[in-house]
Amino acid sequence: MYNTLTGEKEVFNSLEPGRVSMYVCGPTTYNYIHLGNARPLVVFDTVRRFLEYLGYEVKYVQNFTDVDDKIIRKSKEENVKPHELAERFIREYYQDADALRVKRANIHPRVSEHMDEIIKFIMGLVEKGIAYEVEGDVYFSVSRFADYGKLSGRSLEDLQAGARVEVDARKDNPADFALWKKVKVGEPSWESPWGYGRPGWHIECSAMSHKYLGATFDIHAGGCDLVFPHHENEIAQSEGLYDAPMARYWLHNGFITVNQEKMSKSLGNFFLVRDILQKFSASVIRFYLLSTHYRSPLDFADDKLESARKGLERLQTSYRLLQEHLDQGNIIVETNQTDIFVEFDKDINGYRKQFLDAMNDDFNTALAIAVLFDFARSINTIISKGRITSKEQQILVSAAKVYIELAGVLGLEIEEAQVEGGSDLVDGLMELVLSIRKEAREKKDYQTSDKIRDTLKNLGLILEDTPQGVRWRRQ
RNA sequence: GGUGCGGUGGCGAAGAGGCUAACGCUGCGGACUGCAAAUCCGCCAUGCGCCGGUUCAAAUCCGGCCCGCACCUCCA
């Protein structure tokens with residue numbers, strides 16, 4: 001996997017055999033999540049699923065930033081208490097993340113519930129002399145941490161040269177950042193040795209990751225805009241206090257762009273997951289997010305999601321056809337396997353291997369998906385060969401199993417969309433309509449039969465005539 | 001100004017020294033079908049931003065240039 005810290009792909013070795021500890025920076029809960037927020041969720045959820053597939057026991061921690069300037073500002077606008085606002089959007093977060101099949105973390109720590117740990121952490125830094133208090137604020141002294149800049153590849157001189165931060169004369173160094181902010185009127189605050197106040201942005205991840213994963217853990221992940229300053233500062237805090245490497249592998253996903261520009265809240269060009277779900281299913285969104293390598297930028301546009309929709313549908317169709325083929329049970333009892341099935345049987349393992357090789361190479365989901373397409377084509381071809389022997393049926397059953405298993409590593413729902421068919425009423429009506437159409441076709445009254453097909457299509461019901469009779473499905 | 005990422009067919013996107021440059025979408029031709037749909041088969045980059053260099057061999061390595069994006073301030 002590619003490690004931002006070294007700038008190279010490295011072989012992954014976990015700290016403890018068979019176990020992986022992983023911390024992912026979660027959202028600040030003051031709004032619904034947008035697609036840009038969803039990308040790391042889906043990408044790192046996939047990393048987790050893959051590690052679990054390989055047999056690791058993954059301890060996955062993802063925080064909620066529920067104490068923050070933006071929450072306070074928005075709560076004033078909406079005239080609700082900050083913690084109520086945060087609480088509400090945590091619930092909304094789960095709704096979107098669950099839809100995208102993002103597995104819940106083992107622990108979802110919140111800043112508001114970890115004040116003791118945070119304050120103790122800061123006290124430790126002050127005692128070690130790498131943080132200092134000024135009038136109720138506490139700052140981290142970057143000049144006291146020799147490795148400052150190692151993650152983002154910049155030096156303190158670089159930072160000063162291009163400094164856009166207004167200089168605060170009370171700081172020893174302009175790059176020093178706040179660990180603790182003195183309370184302002186009307187803001188939530190907690191008691192501390194420096195008076196009432198609240199934590200700075202970066203300290204929470206250092207304190208909470210330490211509590212749940214220890215001074216050193218395996219993987220720390222987040223969006224690439226967090227490399228600097230957020231993760232750089234986390235390293236300074238954690239390594240400054242514990243003198244041990246914070247995380248061994250740092251993973252960063254690329255941005256979602258809109259017209260090649262970063263999707264962000266400040267530019268206002270963001271799309272909420274919730275709104276996109278009006279047009280596309282969560283599975284399609286997930287598929288789309290995984291169709292590009294996680295470190296590359298990914299441009300958002302309706303036609304690109306539409307293309308993803310068609311692609312995913314292709315994968316789903318293969319599975320559906322395979323199931324139907326097996327359900328039809330047109331097995332003939334013979335012993336001689338044809339060559340093509342022998343070949344296909346070998347291919348199944350080949351696809352699995354190719355898929356895993358792709359994932360093993362820095363989570364190349366785009367390539368892994370390509371393998372699924374090859375697999376799908378193979379399935380489509382083999383089942384078009386018609387009747388099968390019982391031995392051949394076994395091969396198809398195992399193909400179905402592997403196919404679902406690999407899709408599952410990506411968290412893709414391949415077998416969905418068919419059962420949702422409907423109520424007894426719909427089924428009953430469809431039975432009636434289809435029998436009328438069947439009669440019309442038998443009488444070669446194609447005008448009527450096509451009218452039925454076209455009308456149903458406009459209602460979102462697709463009819464497909466096959467040698468075994470008509471088949472219908474939604475969408 | 002500093003730091004980093006990237007430019008591959010109509011679109012999206014893999015590939016990172018050597019088989020005909022994957023895969024998906026679109027388009028075109030064919031098979032199947034009453035016609036469709038789905039599926040299958042075939043076609044669509046003598047070329048991978050531009051110019052040089054290294055090499056028997058370069059999208060892939062090196063140098064220069066052009067263009068785009070991001071970070072250096074809250075953002076995933």
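All chains are named by letter (A, B, ...) in the order of the sequence lines, taking the proteins before the strands, and each is independently numbered beginning at 1.
Taking the syn range as angles within 90° of 0, the glycosidic angle of B/A59 is syn.
A distance of about 38 Å separates the P atoms of B/U33 and B/U46, rounded to the whole Å. Between B/G27 and B/A36, the two P atoms lie 15 Å apart (nearest whole Å). As rounded to the nearest Å, B/G30 and B/C51 have P atoms that lie 40 Å from one another. Here, B/A16 and B/U8 have their C1' atoms 12 Å apart, quoted to the whole Å. Across B/C61 and B/G18, the matching C1' atoms stand 14 Å from one another, rounded to whole Å. One C1' atom belongs to B/G4, the other to B/G12, and the distance between them is 24 Å to the nearest Å. For the P atoms, the distance linking B/C25 with B/A38 amounts to 10 Å, nearest Å. Comparing B/G15 with B/A22, their C1' atoms are spaced 7 Å from each other, to the whole Å.
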For salt bridge (charged side-chain N to carboxylate O under 4.0 Å, His left out), just list the numbers for A/R352 and A/E405, CA-CA rounded to whole Å, side-chain angles, deciding distance to a tenth of an Å, and then say yes or no.
CA-CA 9 Å; A/R352 177 169 18 212; A/E405 175 185 308; 2.7 Å; yes

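Distances from the side chain of A/M263 to the nucleotides B/A76, B/U39, B/A70 place B/A76 closest.
Between A/Q468 atom CD and B/U39 atom C1' there is a gap of 13 Å when expressed in whole angstrom units. Nucleotide B/C69 holds its C1' atom 13 Å from the CG atom of A/D225, rounded to whole Å. For the pair A/E261 CD and B/A76 P, the interatomic distance rounds to 18 Å; values are reported in whole Å. Taking atom CD1 of A/I285 as the reference point, atom C1' of B/A76 lies 16 Å away to the nearest angstrom. Taking atom CG of A/L461 as the reference point, atom P of B/A36 lies 22 Å away to the nearest angstrom. If you measure from atom CZ of A/F270 to atom P of B/C74, you get 19 Å, rounded to the nearest angstrom. Rounded to whole angstrom, the span from the CG atom of A/L315 across to the P atom of B/U39 amounts to 11 Å. Counting to the nearest Å, the C1' atom of B/G4 and the CZ atom of A/F255 are 11 Å from each other.
Remark: side-chain polar atoms of A/S75 are paired, donor with acceptor, to backbone N or O of A/I71 under 3.5 angstrom. In terms of modelled atom types and a separation under 3.5 Å, the side chain of A/R286 and the main chain of A/L412 share no donor-acceptor contact. Judged purely by atom type and a 3.5 angstrom limit, A/D362 uses its side chain to pair as donor or acceptor with the backbone of A/Y2.
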Within the 4.0 Å limit for protein heavy atoms, which parts of nucleotides 12-28 of chain B are touched? Write it as a string from 5' to 3', B for base, S for sugar-phosphate only, - for none.
SSSS------BSSSS--

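Residue-level contact check: A/I33 touches neither bases nor backbone, having no heavy atom under 4.0 Å from any strand. Base engagement by A/S264 is indicated by at least one non-hydrogen atom pair under 4.0 Å involving a base atom. As judged by a 4.0 angstrom heavy-atom cut-off over every strand, A/G254 is placed among the base-contacting residues. Counting any heavy atom pair closer than 4.0 Å across all strands shown, A/T257 reaches no nucleic acid atom. A/L267 comes within contact range of no nucleotide atom at all, as no heavy-atom separation falls under 4.0 Å. Counting any heavy atom pair closer than 4.0 Å across all strands shown, A/S266 reaches a base atom. Looking at heavy-atom distances under 4.0 Å, A/K70 makes contact with sugar-phosphate atoms alone, never a base. Looking at heavy-atom distances under 4.0 Å, A/G222 makes contact with sugar-phosphate atoms alone, never a base.
A perpendicular orientation is assigned to the rings of A/Y288 and A/F300, their planes being inclined by more than 60° (bins at 30° and 60°). Aromatic ring orientation, A/F145 versus A/Y148: perpendicular (interplanar angle above 60°, classes split at 30° and 60°). A tilted orientation is assigned to the rings of A/Y249 and A/F12, their planes being inclined by 30° to 60°.
For the pair A/R39 and A/Y294, the cation-pi test (distance below 6.0 Å, angle within 45°) is failed.
Pairs of Watson-Crick or G-U wobble type, with distances under 3.5 Å, assemble into runs of 3 or more in RNA chain B at these ranges: B:1-7 with B:66-72, B:10-12 with B:23-25, B:27-31 with B:39-43, B:49-53 with B:61-65.
Along RNA chain B, the nucleotide nearest to A/T317 and the one nearest to A/R295 differ in position, and the one closer to the 5' end is contacted by A/R295. Between A/T28 and A/E464, the residue anchored nearer the 5' end of RNA chain B, judged by the nucleotide with its closest heavy atom, is A/E464.
Residues A/H220 and A/E234 bring a donor and an acceptor atom of their side chains to less than 3.5 Å of each other. Side-chain atoms of A/S152 and A/R154 form a donor-acceptor pair, as typed in the model, at a separation below 3.5 Å. Looking at A/Y212 and A/H114, their side chains do bring a donor and an acceptor atom within 3.5 Å of each other. Between the side chains of A/D68 and A/T28, not a single donor N or O lies within less than 3.5 Å of an accepting N or O. A donor-acceptor contact closer than 3.5 angstrom is absent between the side chains of A/E261 and A/N269. No side-chain donor-acceptor contact under 3.5 Å links A/N173 and A/S143.
Here A/N380 does not reach the OP1 or OP2 of B/U39: none of its side-chain N or O atoms lies under 4.0 Å away.
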Polar pairs (N or O, both sides) under 3.5 Å between protein and nucleotides 31-34 of chain B?
{"from": "B/G34", "atom 1": "N7", "to": "A/R441", "atom 2": "NH2", "distance (Å)": "3.0"}
{"from": "B/G34", "atom 1": "O6", "to": "A/R441", "atom 2": "NE", "distance (Å)": "3.1"}
{"from": "B/G34", "atom 1": "N1", "to": "A/D450", "atom 2": "OD1", "distance (Å)": "3.0"}
{"from": "B/G34", "atom 1": "N2", "to": "A/D450", "atom 2": "OD2", "distance (Å)": "2.7"}

